[in-house]
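The structure under discussion appears below in the form of structure tokens.
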Amino acid sequence: MKKHYQVTSGSALRCRGWRQEALLRLLENVLAVGENPDELIVYAALGRAARNWASHDAIVATLKTMAEDETLLIQSGKPIGVVKTHANAPLVIMANCNMVGQWAKAEVFYDLQDKGLICWGGLTAGAWQYIGSQGVIQGTFEIFMQIARQHFHDSLAGKFILTAGLGGMGGAQPLAGVMAGAAILVVEADPARIAKRLENGYLQKAAATLDEALALIEAARARGEALSVGLCGNAADIYPELVARGITPDIVTDQTSAHDLVYGYIPAGMTLEAVRDWRKTRPQDLMAASLASIKKHVEAMLTLQQRGAVVFDNGNLIRTQAKSAGVANAFDIPIFTEAFLRPLFCEAIGPYRWMALSNDPQDIATIDDYLLERFPDNAALQRWIRLARENIPFEGLPARIAWLGHEDRTTLALAVNDMVADGRLKAPIAFSRDHLDSAAMAHPNIMTENLLDGSDAIADWPLLDAMMLCASQADLVAVHSGGGGYSGYMTSAGVTIIADGTPQAAERLRLAITNDTALGVMRYADAGYDIAQRKAASSQLHYFNIH
Ligand code: NAD
């Protein structure tokens with residue numbers, strides 16, 4: 001039976017309190033905006049909201065009946081039980097896809113998944129924090145703007161960005177490129193994904209052929225106009241074709257699901273039907289075909305880099321896969337975190353977001369207005385909020401992302417809680433963040449690559465973060481590790497806190513949000529970053545600085 005995926009509106013509660021109702025609406029939301037909800041898949045090829053439908057239904061039933069002094073325990077998307085705790089404890093705690101070190105490999109994951117024993121929650125899928133493509137859009141936009149500052153005198157007008165992948169996260173790329181003022185070409189193997197991004201307003205045009213796509217890009221470039229063009233094709237064919245034609249874009253990246261050789265990447269020369277069939281019947285051959293294709297794909301990226309393009313890895317493990325396929329210099333391509341965003345993470349400035357549980361866009365507009373008034377000197381925030389409210393269509397529950405840091409995140413959350421209390425907002429607001437955040441992620445090939453002190457692979461930080469968030473009264477706390485192709489590559493912590501207008505919510509927001517960002521600053525201070533050490537001092541954090 002085909003299920004319908006809708007978000008719930010209004011102020012009527014189906015649960016015993018707003019905290020439980022909020023988490024239920026967030027679970028509904030990740031399916032409503034997810035890529036393949038019939039299979040509970042939200043994004044990144046295999047990132048699931050729950051283990052299976054029985055687990056999903058039991059979670060929903062529990063959220064509807066559980067009391068405020070209880071905690072629901074979830075293990076890899078399956079509810080295990082409810083324990084009696086107290087009204088200041090998290091309502092939901094989850095551990096998703098954490099395998100013991102030597103066993104944390106893609107093959108072991110697939111086997112456990114086939115046996116129904118594990119599922120991967122991605123970052124925000126399993127923790128019900130996904131908000132559609134907007135969740136990653138400011139990160140992509142800030143990367144493009146940082147490249148503009150570093151390489152192109154502050155402007156991407158007349159510049160050509162080449163990328164690939166229009167999935168759950170990759171779908172943000174065309175809009176981020178346009179917001180940054182560039183002409184952006186996105187290669188995508190699945191025509192349905194192109195259609196979806198055209199429909200939801202993230203992509204402006206689709207081209208039938210490479211020639212047509214290049215003509216559109218060239219015309220926009222010549223006029224200095226922003227434009228996004230989708231092209232149905234395989235990146236491992238199109239990138240080398242541009243190399244062969246001697247065309248060098250200004251900026252090159254990729255956001256195909258290259259992290260997963262079976263369920264993510266589409267090898268060149270194969271139809272989507274054949275790939276779907278091989279996933280079940282010939283997974284080993286599919287892995288080999290994906291690797292061979294990624295090799296060509298990354299070799300073309302390296303050639304474009306040698307010819308002068310600014311090339312970066314946007315967090316999909318494509319360099320790691322290419323290296324294992326024999327591309328010895330794959331890591332000549334830098335990772336976006338180290339190249340562009342680390343100074344922000346040092347001050348715990350990262351992908352903070354909030355969702356309007358009323359399902360009313362006016363609530364987000366009210367918070368946008370507050371931000372513009374409250375932070376007049378934050379130029380990046382002012383620019384972002386103005387661009388976002390003009391350009392970003394909402395998907396599912398209206399939501400906003402903004403890269404705020406330590407103290408500012410708490411200031412906003414407490415002000416919003418007051419607005420819920422006095423009725424300026426129609427219903428509570430859920431606060432969350434991406435797991436790719438200062439204290440929250442150890443991922444030596446993405447988030448923590450080349451840290452100053454070499455602590456890239458130490459996963460103590462996200463574990464400490466999650467335990468601290470439980471002690472700080474957050475409503476939902478999750479510890480995730482990588483699944484599929486990410487198996488063994490990462491561990492992260494997720495958090496959600498509900499601003500329901502009560503004094504208890506104010507306390508939860510103050511503790512959980514402040515402590516989360518404080519630990520983020522301390523993590524980078526501990527790794528030796530001056531910016532973080534200065535921030536720890538100016539914020540009077542109780543940080544020991546022992547080395
Ligand atoms: P997704 O699975 O929803 O979409 C991937 C898309 O790539 C699909 O539409 C697929 O058809 C397309 N594709 C696969 N192989 C292709 C090829 N060879 N040529 C052209 N198109 C191809 O995944 P997503 O959620 O969009 O995430 C994409 C990648 O980005 C993942 O590896 C994910 O882990 C990573 N990611 C990075 C960040 C970040 O912060 N930078 C955030 C989220 C996700």
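As the structure lists them, so they are numbered: ligands from 1, and atoms in each ligand from 1.
Remark: ligand 1 atoms within the under-4.0 Å shell around heavy atoms of Asn314 are 37 (C), 39 (C), 41 (N). Near Asn316, meaning under 4.0 Å from one of its heavy atoms, ligand 1 places the atoms 29 (C), 30 (O), 32 (O).
Heavy-atom proximity to atom 21 (N) of ligand 1, evaluated over Gly264, Gly34, Ala189, is greatest for Ala189. Nearest-heavy-atom check against atom 29 (C) of ligand 1 across Thr256, Asp254, Leu166, Leu272 picks out Thr256. Taking only non-hydrogen atoms, the option from Met169, Glu188, Met441, Glu35 nearest to atom 12 (C) of ligand 1 is Glu188.
Remark: ligand 1 and Ala45 share an N or O pair separated by less than 3.5 Å (distance only, no angle test). For Gly170, a nitrogen or oxygen atom sits less than 3.5 Å from a nitrogen or oxygen atom of ligand 1, counting backbone and side chain alike. Annotation: Asn234 places an N or O atom under 3.5 Å from an N or O atom of ligand 1; distance criterion only. Between Ser257 and ligand 1, at least one pair of N/O atoms sits closer than 3.5 Å.
In Val136, the part holding a heavy atom less than 4.0 Å from any atom of ligand 1 is the side chain.
Between Ile446 and Met490 there is no side-chain heavy-atom pair separated by less than 4.5 Å.
Counting non-hydrogen atoms of neighbouring residues, nucleotides and ligands closer than 6.0 angstrom, the NZ atom of Lys196 exceeds 12 such neighbours. No more than 12 heavy atoms of other residues, nucleotides or ligands sit less than 6.0 Å from atom CD of Glu199.
The pair Glu218-Arg221 meets the salt-bridge criterion, with a side-chain N (NZ, NE, NH1 or NH2) lying under 4.0 Å from an Asp/Glu carboxylate O. Between Arg383 and Glu142, at least one side-chain N (NZ, or NE/NH1/NH2) sits under 4.0 Å from a carboxylate O, which counts as a salt bridge. Arg319 has no carboxylate O lying under 4.0 Å from a charged side-chain N of Asp332, or vice versa, which leaves the two without a salt bridge.
Residue contacts with ligand 1 include Gly233, since one or more of its heavy atoms lies under 4.0 Å from the ligand.
The heavy-atom pair separating Asn29 from Glu395 by the smallest distance is OD1-O, 4.5 Å. Of all the heavy atoms in Leu317 and Gly485, the pair that sits closest is CD2-O, 3.6 Å.
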